[in-house]
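Some notes on the structure that comes next.
All values below were derived from every heavy atom in this structure, side-chain atoms included, with hydrogens, water molecules and symmetry-related copies excluded. Each chain gets a letter, A, B and so on, in the order the sequences are listed, and its residues count up from 1. Source: prediction; values computed, not measured.
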Amino acid sequence: MLKKAAMLDIRLIRERPDFVKDELAKVQCPPSAIDALLEADRVRREALQALESRRAERTRRSKEIGALPPEERKAAGAALKSLSDEIAAAEAAAADAEARFDTLMLEVPNLPHPDVPVGPDDSANVVVRNVGEPATFDFTPLPHWDIGPALGAIDFERGVKISGTRFYVLTGIGARLQRALISFMLDVHTRDHGYVEVYPPAMVKEQCLVGTGNLPKFADTVYRDIEEDFWFVPTAEVPVTNLYREEIIDGATLPIRHVAYSPCFRREKMSAGRDVRGIKRGHQFDKVEMVKFVRPEDSDAALASLLDDAEDICRRLGLAHRVIQMCTGDLSFTAAIKFDVEVWAPGCGEWLEVSSCSSFRDFQARRANIRFRPTPQAKPEYVHTLNGSGLALPRVLIAVLETYQQADGSVRVPEALRPYLGGLEVLRPV
RNA sequence: GGAGAGAUGGCCGAGUGGUCGAAGGCGCGCGCCUGCUAAGCGCGUAUACGGGUAACACCGUAUCGAGGGUUCGAAUCCCUCUCUCUCCGCCA
């Protein structure tokens, strides 16, 4: 069966090509991509019509043969042989046209949401708000790559020894602190924010990556096992969004809100040589991810609350943070609108992205074919999908260590985490 | 990993080469009838793409786990694969 892999609605592109071109220009997609797509669509439809009219004829004449007495069928059938050959050729032509169309279709990025500021690159991103005062010190705060080893919490050397560059080992209180953070976040989201926890596979089939938009364009950022054709998830967004792939969801169950803890694997080829210090950017890290499936009319409100759910973790941990809205030029391939949450890390002196909250509108739903019935009798419609980290672990760990460090090298444990560490109040150097 | 069984519509379940997108039942929807309820009766009840329409209607094609093959014609025959179940082995 020919796979329908629409990312944008081809009907919208057909009917309003200039509008689509203008919008995509804002996300740095050239208009020629749309012209190529429209041409491929035209070729595809012609091929389809040619094929279908021949098939209709064959069906009609074959049925006539079926009505004949058995002894006459063989002779009557022989006359249809050439028609069948024609159909085979038409099928091949249609499959080619379809494949060409699908290829182009999958490489067109999402349309930006009208609320997104227009800009060429990250310089035009907008700081939406700052929350909390950055921690101040009467001594020079240390970066986590000094604090961590001193606490016996991070072992960089052995991480490199066993797995190579961009790997580290959390040890003792470090491992325990990360586990506490994971439990804390999952509890907050499930208990107070209404998410249903899932624990998904970290290895998925190729089709899942297409659904979320990682493939075909970003294959070089994902690890895979060639022998079994498994792909290692770069984020829980992939398995969780694909939970409902190829499904028609009962409208009454929307919105669906999931939160998932998972390891994440990234090749980080694009960032070679950058952020090599510390645990900020590794090939493997842990993350708590929130994913929502909502009715289209609810997606704007759902994004606002998703963002607030992510920020709530920062608030409860007492981490100074800011919210950045991405401009059109800095939007990801799949996002229609996106806000990043960054926490302040006073030791390394930088804002760390701990969450990226996006609405994909119907972009992923089209690719993954996730629909819902608005009412029991209505035709299925695409859901809107959203997701955001809630939050990314190693960076929260960094922010906690650096924010709560004290002059003697110890680190206070934020109130909210103490129940998860048996009441422990201070981490002390070993 | 070894052996066997299976995969049909929302569900159950017929169908082994032709008029089958698929009997029958259940469920569901609409209507009728019945002074409640239950039963009964009639009609309807998948998805996608393309054409068509102001929008409906309507027309065509595809889909009986997936892919390929045989044939004028495949749910039905052949091959490959996937998944599920049972037994054995192995494990967390």
Round to the nearest Å and state the distance from K205(A) atom NZ to A66(B) atom C1'.
10 Å

For RNA chain B, determine which residues of residues 81-92 of chain A have any heavy atom closer than 4.0 angstrom to one of its atoms, and list them numerically.
K81(A), S84(A)

Taking side chain to side chain contact (heavy atoms under 4.5 Å, CB included) as the definition, give me every residue that meets it alongside R281(A), ordered by chain and number, with sequence neighbours left out.
R166(A), E268(A), S271(A), R274(A), D275(A), R395(A)

Separation of atom CD in Q207(A) from atom C1' in U82(B), rounded to whole Å
15 Å

With D155(A) via side chain to side chain contact (heavy atoms under 4.5 Å, CB included) - residues at least two apart
E157(A), R158(A), V169(A), T171(A)

Take atom P in A66(B) and the same atom in A57(B), then report the distance between them in whole Å.
28 Å

Starting at the 5' end of RNA chain B and moving along, which residue's nearest nucleotide shows up first, L80(A) or I248(A)?
I248(A)

Between P of A66(B) and CD of E206(A), the distance in whole Å:
19 Å

Nearest-angstrom distance from the residue atom NZ of K379(A) to P of C49(B)
8 Å

Give me the one residue out of R257(A), H384(A), H258(A) that meets side chain to side chain contact (heavy atoms under 4.5 Å, CB included) with F293(A).
H258(A)

Say we look at A22(B) and A75(B): how far apart would their P atoms be, to the nearest angstrom?
12 Å

Which part of the nucleic acid does R54(A) contact within heavy-atom distance under 4.0 Å: base, sugar-phosphate only, or nothing?
nothing

According to a strict under-4.0 Å criterion, is R373(A) in side-chain N/O contact with OP1 or OP2 of U47(B)?
yes

Table please: side-chain donor-acceptor pairs of residues 26-33 of chain A below 3.5 Å, with sequence neighbours left out.
{"residue": "K26(A)", "atom": "NZ", "partner": "E23(A)", "partner atom": "OE1", "Å": "3.4"}
{"residue": "K26(A)", "atom": "NZ", "partner": "E23(A)", "partner atom": "OE2", "Å": "3.1"}
{"residue": "Q28(A)", "atom": "NE2", "partner": "P120(A)", "partner atom": "O", "Å": "3.4"}

Think R73(A) has a side-chain N or O under 4.0 angstrom from the OP1 or OP2 of G17(B)?
no

Could you give all pairs that pass the salt bridge (Lys or Arg N to Asp or Glu O under 4.0 Å) test and reach residues 170-189 of chain A, with sequence neighbours left out?
D187(A)-R191(A)

P gap between G15(B) and G6(B), integer Å
14 Å

How far apart are the C-alpha atoms of E57(A) and R54(A), what are their side-chain angles, what is the distance that settles it, and do they pass the salt bridge (charged side-chain N to carboxylate O under 4.0 Å, His left out) test?
CA-CA 5 Å; E57(A) 185 184 351; R54(A) 280 187 172 75; over 6 Å; no

Side-chain donor-acceptor contacts of residues 211-220 of chain A below 3.5 Å, not counting sequence neighbours, with atom names and distances?
{"residue": "T212(A)", "atom": "OG1", "partner": "C208(A)", "partner atom": "O", "Å": "3.1"}
{"residue": "T212(A)", "atom": "OG1", "partner": "N214(A)", "partner atom": "OD1", "Å": "2.7"}

Expressed as a whole number of Å, how far does the P atom of G25(B) sit from that of C41(B)?
10 Å

Note, RNA chain B 5' to 3' with Watson-Crick or G-U pairs under 3.5 Å encoded as ( ), [ ], | and . gives ((((((((.[[[..)..(.....]]]((((((.......))))))((((((......)))))).[[[[[..)....]]]]])))))))....

Is there a side-chain polar atom (N or O) of K74(A) under 4.0 Å from OP1 or OP2 of U71(B)?
no

Nearest-Å distance once atom P is located in both G9(B) and A14(B):
13 Å

Same-atom distance (C1') from C33(B) to G42(B), integer angstrom:
11 Å

Applying side chain to side chain donor-acceptor pair (under 3.5 Å), can you list everything that pairs with Q405(A), at least two apart in sequence or on another chain?
none

Which pairs pass salt bridge (Lys or Arg N to Asp or Glu O under 4.0 Å) with one or both residues in residues 193-211 of chain A, sequence neighbours excluded?
none

Residue pairs meeting salt bridge (Lys or Arg N to Asp or Glu O under 4.0 Å), one or both in residues 291-300 of chain A, sequence neighbours left out, come to D300(A)-R361(A)

Nearest-Å distance once atom C1' is located in both U8(B) and G4(B):
22 Å

Check the distance between C49(B)'s C1' and R366(A)'s CZ and give it to me in whole angstrom.
14 Å

For nucleotides 51-54 of chain B, tabulate all protein N/O to nucleotide N/O atom pairs closer than 3.5 Å, reporting atom names and distance.
{"residue": "G51(B)", "atom": "OP1", "partner": "R45(A)", "partner atom": "NH1", "Å": "2.5"}

Once the angle between the rings of Y195(A) and H193(A) is folded into 0 to 90°, is it parallel (under 30°), tilted (30 to 60°) or perpendicular (over 60°)?
perpendicular

Roughly how far apart, to the nearest Å, are C30(B) and A46(B) at atom P?
16 Å

Between CD of E98(A) and C1' of A62(B) the distance, given in whole Å, is 11 Å

Close approaches to RNA chain B from residues 55-65 of chain A, in residue order (heavy atom, under 4.0 Å)
R55(A), A56(A), R58(A), T59(A), S62(A), K63(A), I65(A)

